[in-house]
There are 2 protein chains.
Amino acid sequence: MSQEKPRKRRGAGRVTLNAVARQAGVSAITVSRYFNQPESVSPERRERIAAVVAELGYVPNLVAGGLASSRGKIVGMVIPNISGPIFANTIQGFSDTLSRHGYQLLLASSYFSTEQEENAVRAFLGWSPAALVLTSHFHSSGTEKMIAEADIPVIETWDYQPDREPMQIGFSHYEVGATAARYLHDKGYRRIAFVQNSAPGDLSALERRDGYAATVREFGLEPWVFAPDADRAPFEAGKQAMEALMNASPRPEAIIFANDNLAAGGLLAGQRAGLKIPEDCAVLGFGDYPFAEMLLPSLSTIKPPALEIGVLAATRVLESLGVLPSDEVQRLNLLQCQVIEREST
Amino acid sequence: MSQEKPRKRRGAGRVTLNAVARQAGVSAITVSRYFNQPESVSPERRERIAAVVAELGYVPNLVAGGLASSRGKIVGMVIPNISGPIFANTIQGFSDTLSRHGYQLLLASSYFSTEQEENAVRAFLGWSPAALVLTSHFHSSGTEKMIAEADIPVIETWDYQPDREPMQIGFSHYEVGATAARYLHDKGYRRIAFVQNSAPGDLSALERRDGYAATVREFGLEPWVFAPDADRAPFEAGKQAMEALMNASPRPEAIIFANDNLAAGGLLAGQRAGLKIPEDCAVLGFGDYPFAEMLLPSLSTIKPPALEIGVLAATRVLESLGVLPSDEVQRLNLLQCQVIEREST
DNA sequence: TTGTAAGCGTTATCAC
DNA sequence: GTGATAACGCTTACAA
């Protein structure tokens with residue numbers, strides 16, 4: 001008898017679609033349809049197939065499916081870094097929304113390096129992803145070329161550049177800088193400084209700076225930008241900035257930090273030096289990291305719609321693929337950042 | 001002339017291995033070897049192929065490769081949640097190490113639900129991953145069955161259960177609980193309470209509790225466990241716990257919180273009520289979340305080797321696959337947690 | 001609603 | 001070192 005498993009040369013001896021079909025007494029394509037368009041299979045066969053699938057413990061081979069259909073149920077996402085508190089919510093919202101519809105997340109981090117981003121995109125493309133999600137509009141020319149030719153939905157998140165070709169989901173960093181400056185000015189602060197991020201590749205942070213600078217100029221004030229040493233750990237960079245700015249005379253009345261990590265460092269350095277915050281100097285961050293409300297004084301900050309970006313990105317992807325209904329997929333998605341006023345301003 | 005692209009029925013019109021082969025005047029398999037075992041291709045052809053690859057902008061189709069070789073260059077990882085600060089470093093270390101060797105990360109989160117974990121594992125298996133990485137040893141029976149039959153390296157992280165079949169990379173949560181109790185006892189604290197996590201599925205946290213309980217018993221003390229309302233936000237749950245424990249008489253002299261989020265809530269609630277920390281009541285957390293050092297007083301905690309776990313997991317995966325050299329892949333990997341003493345104890 | 005046949009783009013196998 | 005050929009397991013196209 002040839003009952004014994006032949007242990008073909010290849011394949012792990014997995015249960016295949018054909019095995020299910022044979023067992024259920026139907027053709028392979030019917031089983032395929034059972035998974036992809038169940039309505040198009042008669043209820044009786046559906047039942048029979050379901051039974052066999054359970055009995056054999058069949059798991060569809062998505063690789064084979066992806067090859068045959070030249071479009072896998074997989075979506076690639078590149079973010080600057082996973083471990084920072086800022087992007088984690090975006091990943092989470094994105095991943096969860098996708099997986100609820102049977103799509104998987106392929107993830108890589110760029111560390112704000114366009115070269116690493118390009119490598120990730122190239123690798124992803126090898127998996128025939130259904131879509132690609134990137135962060136910001138800063139890419140290498142190689143990346144630009146690949147996404148232009150990819151012929152799949154591409155989304156840029158955490159940014160908003162209406163003129164660009166890819167779908168946009170995010171906000172204007174320039175506007176965030178402007179909002180920060182306006183907010184502090186409205187509260188009566190005049191000598192307002194801005195502390196840059198210590199991560200050199202964080203170009204979006206520079207756009208926030210530019211928005212700040214333009215706005216204070218509109219108020220007839222002089223921009224005051226401090227740049228910590230490059231690549232210093234953010235918390236330390238914040239301390240460095242605060243120490244330097246405190247020694248200036250006159251001191252700034254308020255400081256905008258490029259993100260909450262820097263701001264937290266600044267806050268502590270200020271307190272350690274006996275500064276009263278916000279009386280002597282107000283502090284405003286960006287990101288609304290989880291610890292912002294736990295600090296003493298709690299940190300005022302600008303909260304980006306991180307989770308929302310992730311969920312919306314997934315939604316747009318699924319709409320583009322026809323998985324979710326939509327008359328016309330919205331290409332431009334401008335979300336709002338929110339000033340979270342706490343004790344430090 | 002048939003120069004014009006035929007636009008076959010299928011396929012996105014991508015450049016294929018065959019196209020490269022034709023252009024370079026070699027066979028397809030040679031181009032395949034060029035990518036997978038370059039040494040086995042003569043230098044001249046290597047050069048010729050390289051040129052054509054660049055010219056055509058060929059990107060290997062990993063889906064096709066995965067199907068043919070029945071093992072894709074992709075690794076699945078399931079973690080409880082992405083956005084918590086605790087696992088982010090593990091993901092980062094894992095992903096980075098993998099991608100440095102051409103492997104991609106397929107990520108999903110379980111939210112401490114074994115059912116969601118099972119779904120993720122099933123979906124991953126459809127991609128013929130080269131390996132699978134899970135968190136803790138708590139799985140559904142379905143998951144257990146799948147990983148037993150998967151015939152690929154499976155790693156359990158953030159835990160250490162020598163008796164189990166899968167590779168182990170992590171530490172004993174029970175020991176962490178014991179260490180916490182011992183540490184506080186050594187510092188002279190006697191009435192030591194433990195605050196559980198509010199997330200019901202976090203079974204590892206219960207093991208820490210058990211380690212704590214057994215240890216204080218050894219010291220002749222009575223365990224004192226407080227359980228916040230289930231599913232309360234951790235920060236709020238910590239507050240709730242602290243408020244409840246402060247009203248007990250006698251009050252605890254020290255409190256171990258199941259994680260730093262809870263501890264931060266406890267810290268703030270205590271201070272707001274006028275409690276001096278650590279004089280009136282010491283506070284110890286777990287996780288060494290980024291904000292721990294930013295709190296006032298800074299939070300003493302137990303730091304798990306999060307990044308190390310990720311890097312080591314990737315290393316073991318790559319060793320198992322023969323990508324990295326290794327005589328025998330180490331199945332048990334016990335890492336150390338570290339007591340980080342700050343101002344709160 | 002169901003089935004047949006022909007790929008999808010790569011790698012394993014075996015032969016030279 | 002190189003190549004011809006046959007898989008890998010599924011889905012598209014077309015037919016019934």
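Below, chains carry the letters A, B, ... as their sequence lines are ordered, and counting in each starts from 1.
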Let me know the distance between CH2 of B:Trp127 and P of D:dG9, rounded to the nearest Å.
15 Å
Tell me every residue that passes ring pair (Phe, Tyr, Trp, His ring centres under 6.0 Å) with B:Tyr58, counting only those two or more places apart in sequence or in another chain.
B:Phe35
Find the distance A:Leu17:CG to C:dG7:C1' and express it as a whole number of Å.
16 Å
Could I get the full list of side-chain contact (heavy atoms from CB on, under 4.5 Å) partners for A:Arg331, not counting sequence neighbours?
A:Met167
Can you list, in residue-number order, the parts of residues 39-58 of chain B that come under 4.0 Å of DNA chain D, counting heavy atoms only?
B:Ser40, B:Val41, B:Ser42, B:Arg45
Applying salt bridge (charged side-chain N to carboxylate O under 4.0 Å, His left out) as the test, list every pair that has at least one member in residues 112-128 of chain A; sequence neighbours left out.
A:Glu118-A:Arg122
Quick one: does B:Val26's side chain get under 4.5 Å of B:Val31's, heavy atoms only?
yes
By the ring-ring contact (aromatic ring centres under 6.0 Å, His included) test, which pairs, at least two apart or in different chains, include something from residues 100-122 of chain B?
none
Checking C:dC8, C:dT11, C:dG9 against the side chain of A:Ala68 (C-beta onward), the nearest is C:dC8
Tell me which residues in residues 30-38 of chain A put a heavy atom below 4.0 Å from DNA chain C, sorted by number, or none.
A:Thr30, A:Arg33
What's the CZ-C1' distance between B:Arg22 and C:dG9, to the nearest Å?
12 Å
Hey, can you pull the donor-acceptor pairs under 3.5 Å for the side chains in residues 152-160 of chain A, sequence neighbours left out?
unit_1: A:Glu156; atom_1: OE1; unit_2: A:Arg164; atom_2: NE; d: 2.8
unit_1: A:Glu156; atom_1: OE1; unit_2: A:Gln168; atom_2: NE2; d: 2.7
unit_1: A:Glu156; atom_1: OE2; unit_2: A:His139; atom_2: NE2; d: 2.8
unit_1: A:Glu156; atom_1: OE2; unit_2: A:Arg164; atom_2: NE; d: 3.1
unit_1: A:Glu156; atom_1: OE2; unit_2: A:Arg164; atom_2: NH2; d: 2.5
unit_1: A:Thr157; atom_1: OG1; unit_2: A:Leu134; atom_2: O; d: 2.8
unit_1: A:Trp158; atom_1: NE1; unit_2: A:Thr90; atom_2: OG1; d: 3.0
unit_1: A:Asp159; atom_1: OD1; unit_2: A:Gln161; atom_2: NE2; d: 3.1
unit_1: A:Asp159; atom_1: OD2; unit_2: A:His137; atom_2: N; d: 3.2
unit_1: A:Asp159; atom_1: OD2; unit_2: A:His137; atom_2: ND1; d: 2.5

Specify the separation, in whole Å, of atom CG of B:Asn18 and atom C1' of C:dT11.
12 Å
Distance check needed: D:dG9 P versus B:Arg71 CZ, whole Å only.
11 Å
N/O donor-acceptor pairs under 3.5 Å from side chains in residues 318-328 of chain A, not counting sequence neighbours:
unit_1: A:Glu319; atom_1: OE1; unit_2: A:Arg316; atom_2: NH1; d: 3.1
unit_1: A:Glu319; atom_1: OE2; unit_2: A:Arg316; atom_2: NH1; d: 3.4
unit_1: A:Ser320; atom_1: OG; unit_2: A:Arg316; atom_2: O; d: 2.8

Atom pair distance, as rounded to whole Å: CG in B:Asn61 and C1' in D:dC10
14 Å
Whole-Å distance separating the CG atom of B:Leu62 from the C1' atom of C:dT11:
13 Å
In this structure, how many angstroms lie between the P atom of C:dT2 and the CD1 atom of A:Ile29, rounded?
12 Å
Report the residues that fulfil side-chain contact (heavy atoms from CB on, under 4.5 Å) with B:Ser128, sequence neighbours left out, ordered by chain and then residue number.
A:Arg14, A:Asn61, A:Val63
Would you say a side-chain N or O of B:Ser69 is under 4.0 Å from OP1 or OP2 of C:dT11?
no
Among D:dC10, C:dT4, D:dG9, the one nearest A:Leu67 by side-chain distance
D:dG9
Does B:Ser110 form a side chain to side chain donor-acceptor pair (under 3.5 Å) with B:Ser113? I'd like the steps, not just the answer.
CA-CA 5 Å; B:Ser110 68; B:Ser113 148; over 6 Å; no
